[in-house]
Amino acid sequence: MTPEDLVAYYGLEPIPREGGLFRRTWTGPARADGRPEGTAIVALLTADDYSALHRLPTDEVWHFHLGDPLELLLLAPDGASRTAVLGPDILAGQHPQLTVPAGTWMGGRVVAGGAWTFFGCTMAPGFTAEGYEHGDAAQLTVRYPAEAARILELCRP
C-alpha cells in the first residue's frame with residue numbers, strides 16, 4: 001500500500017487551507033439547524049505536508065488507520081498544551097483513536113522520520129465549513145508562548 005494507492009482508491013482531494021488530502025465517506029441526515037447529524041472523512045498526510053492548526057465547535061474523533069504515527073499538537077481553551085500521537089503502538093502511549101474536545105486548537109504532522117499517515121476523523125454534529133476556524137500564528141504564540149516554535153511550524157496563512 002502506498003500513498004498513491006490511497007489517493008487513487010479514495011479519490012482524495014486537497015483539504016482547503018488545512019493541508020493534506022481527504023474524502024468525506026459519510027454524512028448523516030440533516031438536523032433542524034441544517035447541519036448534518038455527523039460526518040466522517042479519511043485523510044492522508046505525507047512528511048512534506050501538515051494539518052494546520054485549526055479548531056472546531058464540536059468534539060472531533062481522530063482514528064489511526066495505516067502508515068506512520070501522526071503527532072498532534074493540542075492547545076486547550078484553558079491555556080494548557082499537550083502532544084498526542086495517533087498510531088498503533090498503544091503500549092508506547094500512542095492512540096488508535098483520540099477525541100479532541102470542542103474549542104481545542106489542533107494541528108499535526110507525520111512523526112519525525114516517517115513518510116505518511118492515513119487516518120480518519122468523525123464529528124457529531126457533522127463538520128461544516130462555517131465551523132472551521134483557521135489558526136493565526138501571531139495570536140496563538142501570544143496565547144501559548146511555550147509552544148511558539150511548534151505553532152509557527154503548524155500555521156499557514
Side-chain angles (χ1 to χ4, degrees), residues 1 3 5-46 49-88 90 93-110 116-144 147 150-151 153-157:
M1 180 81 53
D5 293 334
L6 293 166
V7 169
Y9 182 82
Y10 284 100
L12 300 178
E13 298 179 351
I15 302 173
R17 298 192 75 191
E18 184 182 336
L21 301 171
F22 86 112
R23 170 68 54 206
R24 186 176 281 192
T25 56
W26 172 72
T27 301
R31 299 164 19 124
D33 65 4
R35 292 181 68 184
E37 286 290 348
T39 54
I41 66 166
V42 290
L44 174 71
L45 278 176
T46 57
D49 199 2
Y50 60 93
S51 171
L53 281 163
H54 64 285
R55 68 179 171 181
L56 299 165
T58 59
D59 293 355
E60 182 174 39
V61 183
W62 292 61
H63 313 268
F64 177 80
H65 295 310
L66 297 168
D68 299 302
L70 174 68
E71 185 176 79
L72 290 169
L73 174 60
L74 304 171
L75 306 172
D78 68 0
S81 67
R82 71 183 179 106
T83 298
V85 179
L86 200 66
I90 297 165
Q94 296 177 3
H95 304 272
Q97 177 177 301
L98 178 76
T99 301
V100 176
T104 299
W105 291 100
M106 62 189 116
R109 63 179 353 121
V110 177
W116 59 272
T117 187
F118 186 64
F119 59 96
C121 293
T122 307
M123 291 179 65
F127 176 85
T128 62
E130 297 78 29
Y132 175 91
E133 186 177 355
H134 196 70
D136 176 90
Q139 292 175 1
L140 290 172
T141 55
V142 168
R143 177 81 170 107
Y144 304 93
E147 297 291 355
R150 293 184 63 209
I151 289 168
E153 293 175 354
L154 291 173
C155 280
R156 62 170 52 93

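As a basis for the values below, the full set of heavy atoms in this structure was taken, side chains included, without hydrogen atoms, waters or symmetry mates.
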Does T25 reach the main-chain N or O of A40 with its side chain, forming a donor-acceptor pair under 3.5 Å?
yes
Heavy-atom pair with the smallest gap, counting every atom of A43 and I15
CB-CD1, 4.4 Å
Would you confirm whether Y144, through its side chain, and A76, through its main-chain N or O, come within 3.5 Å as a donor-acceptor pair?
yes
Taking the side chain as every heavy atom from C-beta outward, state whether V42 and L6 have any atom pair closer than 4.5 Å.
no
Is there a donor-acceptor pair under 3.5 Å between the side chain of H63 and the backbone N or O of P96?
no
Enter the distance from E71:CD to Q94:CD here, rounded to the nearest 0.5 Å.
10.5 Å
SB check R143 D136 (cutoff 4.0 Å)
no
Decide yes or no for R24 and F127: does some side-chain heavy atom of the first lie under 4.5 Å from some side-chain heavy atom of the second?
yes
With T104, the side-chain contact (heavy atoms from CB on, under 4.5 Å) member among T99, L74, D59, D78
L74
Return the minimal non-hydrogen interatomic distance between P57 and G131, and the atom names on each side.
CD-O, 3.1 Å
Do any N or O atoms from the side chain of Y50 and from the backbone of C155 form a donor-acceptor pair under 3.5 angstrom?
yes
Taking the side chain as every heavy atom from C-beta outward, state whether W62 and S51 have any atom pair closer than 4.5 Å.
yes
Under the ring-ring contact (aromatic ring centres under 6.0 Å, His included) rule, what do Y10 and F118 come out as? Steps first, then yes or no, please.
CA-CA 11 Å; Y10 284 100; F118 186 64; 5.5 Å; yes
From CA spacing to verdict: side chain to side chain contact (heavy atoms under 4.5 Å, CB included), L86, T117:
CA-CA 9 Å; L86 200 66; T117 187; over 6 Å; no
Test your reading of the model: is there a side-chain donor-acceptor pair from T27 to the backbone of T39, 3.5 Å cut-off?
no
When you compare the side chain of L56 with that of M106, does any pair of heavy atoms fall below 4.5 Å?
yes
Of the non-hydrogen atoms in T128 and P36, which two are nearest, and what is the gap between them?
CG2-CD, 4.0 Å
Does a donor on one side chain and an acceptor on the other come within less than 3.5 Å for T83 and R150?
yes
Interatomic distance, R109 atom CZ to D49 atom CG [nearest 0.5 angstrom]
8.5 Å
When you measure from the side chain of R35 to the backbone N and O of G126, does any donor-acceptor pair fall under 3.5 Å?
yes
Check whether any side-chain N or O of H134 sits under 3.5 Å from a backbone N or O of R156 as a donor-acceptor pair, and report yes or no.
yes
Calculate, to the nearest 0.5 Å, the distance between atoms CG and CG belonging to L154 and L72 respectively.
9.5 Å
Inter-residue atom distance L75.CG - R82.CZ, 0.5 Å rounding
11.0 Å
NZ or CZ of R23 within 45° of Y9 ring axis and under 6.0 Å
no
In short, P77 meets A102 closest at the heavy-atom pair CG-O, 4.5 Å
Which heavy atom of Y132 sits nearest a heavy atom of H54, and at what distance?
CE1-CB, 3.3 Å
Closest approach of A84 and L98, non-hydrogen atoms and distance?
CB-CD2, 3.6 Å
Compare all side-chain heavy atoms of L73 with those of W105 and state whether any distance is below 4.5 angstrom.
no
How many angstroms lie between CG in L53 and CD in E133, if you round to the nearest 0.5 Å?
11.5 Å
